[in-house]
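Reminder, nothing fancy here: chain letters follow the sequence lines and each chain counts from 1.
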2 protein chains.
Amino acid sequence: MARPIQIRDPLPMVSDSFGDTQTQILDAAEQLFAEQGFGATSLRSIIRAADVNLAAIHYHFGSKEKLIVATIERMAQPIVQAELQQLAAVQAEHPQPTVEAILHAMLAPALEIVYHGQGDRGLTQARLMGRCRTEPTIEPIGARAFAKSSQTFLTALQQALPDQSTSELTWKFDLVIAMLIRVLCAADQPNAILQDNSPAETAAAIERLVNFAAAGMKS
Amino acid sequence: MARPIQIRDPLPMVSDSFGDTQTQILDAAEQLFAEQGFGATSLRSIIRAADVNLAAIHYHFGSKEKLIVATIERMAQPIVQAELQQLAAVQAEHPQPTVEAILHAMLAPALEIVYHGQGDRGLTQARLMGRCRTEPTIEPIGARAFAKSSQTFLTALQQALPDQSTSELTWKFDLVIAMLIRVLCAADQPNAILQDNSPAETAAAIERLVNFAAAGMKS
DNA sequence: AATTAATTAAAACGTATGATTGAATGTAAC
DNA sequence: GTTACATTCAATCATACGTTTTAATTAATT
């Protein structure tokens, strides 16, 4: 009972991440969560796609909820990093950036992953990001993953639009995020703003979206 | 076997709709679907809230999916009707209405049900409308219920903004709907555009949203 | 080679779901 | 009062879910 348990590093971390069970699970989960949603995706469909045993999920992640958190954080981290980086670059160049410049730094990274990812990975990640707001149980997890980004951009917009009240800016900001998520989720539908994942088309879509959003923000 | 079966009207329709099993089920389903989503709401939680037998749902509606369709259509019908009516009124007054006037006719009815409904019914219906786009399985059902409205308003906007291409207008229109739904779903969150369901606050929120959306549409 | 821990595998657990059944009850018509 | 139908009810079906358990397997350490 009161025996001292010697705990070893539980994650020896294989050098070659391909074939790593954790990565296989995360990859399959990412795709299925993005396609079907979190609630609608069963652990059994994930292990089928990942070709691993059912117990592996609980061994490596503990529960379905923790797997969801891990999947979301793995997707969000690079996006948040890119967003903050772009904002910092814009602010370094110009101490008081325009609304358009701020919105570009905020919207571009999420849309760019659509063609930066290998194969369809980017589109999958984009959809997964969108899903974070569509399921009420999951929203807090997604909000936490993107909290740092939201907070930073809201302050930047506050400085660019000093005449607008905080509450006004907050709901406008919220609507811009809603627009971004809609664009991500509807990326393959007919007449969507984002027709294909070519770099040129993505850049054009970003510009269209930035102009649309900026007009609203300044209204 | 080949006996001529005399089929009576399957819905004798009680004059007093209160106490009607179908209505009780629809009311409970509406609230629970709106609060928890369609997939997350079990038929058993519905019959518990409606105080009816489980078989009653299958007897009156056939399946969970058909109950969902019935719930959505009951909610959508008055909204679509109000939207088309407001648009017709605007067009009757002015042959070529402004973008703002069109958007007002399009956004106001959905937001107004928030305080027109008795008690919390309005807020529930608003959230239910929002849910129609958040669950992928349900989206086609919702789209069908609002198809007539979408189609009509898109043509009206096309006439008001003849310089913009159809595809451009389509994705802008889609983003405006996304904004509306976000407003409906986030109606009770802090810093939401819609703070309470008082008529004055709702009218102000409608104006803010119309201005925000019109600026984007014209960009 | 022996030992120890990390990982995978198969099977089952308890619970919940949507759906169905067949009997009971109510209700109007003849 | 009997028949015919609409409706309600309790019970059950088959299936699927997230989780846990126990044993087998693999890999590293000594």
Identify whether any heavy atom of A/Ser45 sits under 4.0 Å from a base atom; if not, whether one sits that close to sugar-phosphate; answer base, sugar-phosphate or nothing. nothing

Answer with base, sugar-phosphate or nothing: what part of the nucleic acid does B/Leu54 contact at a heavy-atom distance below 4.0 Å?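 B/Leu54: base contact, heavy atoms under 4.0 Å.
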
Check the distance between [N]'s [atom2] and [X]'s [atom1] and give it to me in whole angstrom.
| X | N | atom1 | atom2 | answer |
| --- | --- | --- | --- | --- |
| A/Tyr59 | D/dA24 | OH | C1' | 14 Å |
| A/Leu43 | C/dT15 | CG | C1' | 15 Å |
| A/Leu67 | D/dT19 | CG | C1' | 14 Å |
| A/His58 | D/dT19 | NE2 | C1' | 5 Å |
| A/Ile57 | D/dC17 | CD1 | C1' | 12 Å |
| A/Arg44 | C/dA9 | CZ | C1' | 14 Å |
| A/Ile47 | D/dA16 | CD1 | P | 14 Å |
| A/Phe61 | D/dT19 | CZ | C1' | 16 Å |

Do any side-chain nitrogens or oxygens of [X] fall under 4.0 Å of OP1 or OP2 in [N]?
| X | N | result |
| --- | --- | --- |
| B/Thr21 | D/dT8 | yes |
| A/His60 | C/dT8 | yes |
| A/Ser42 | D/dC17 | yes |

Can you tell me how far the [atom1] atom of [X] sits from the [atom2] atom of [Y], to the nearest 0.5 Å?
| X | Y | atom1 | atom2 | answer |
| --- | --- | --- | --- | --- |
| A/Leu175 | A/Met217 | CG | CE | 9.5 Å |
| A/His58 | A/Leu43 | NE2 | CG | 5.5 Å |
| A/Ile113 | A/Ile79 | CD1 | CD1 | 3.5 Å |
| B/Arg127 | B/Thr134 | CZ | OG1 | 12.5 Å |
| B/Leu123 | B/Glu35 | CG | CD | 9.5 Å |

For the side chain of A/Asn53, starting at C-beta, report the closest nucleotide among D/dC9, C/dT8, C/dA12. C/dT8

Name the residue closer to the 5' end of DNA chain D, choosing between B/Asp51 and A/Gly39 according to the nucleotide with the nearest heavy atom.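 Residue closer to the 5' terminus by nearest nucleotide: B/Asp51.
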
Salt bridge (Lys or Arg N to Asp or Glu O under 4.0 Å) assessment of B/Arg144 paired with B/Glu73: CA-CA 9 Å; B/Arg144 206 174 314 127; B/Glu73 283 177 350; 5.6 Å; no

Detail all sub-3.5 Å separations between protein N/O atoms and N/O atoms belonging to nucleotides 21-26 of chain C.
none

Keeping the roles fixed (side chain from A/Thr71, backbone from A/Leu67), state whether a donor-acceptor pair exists under 3.5 Å.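 It does hold such a pair.
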
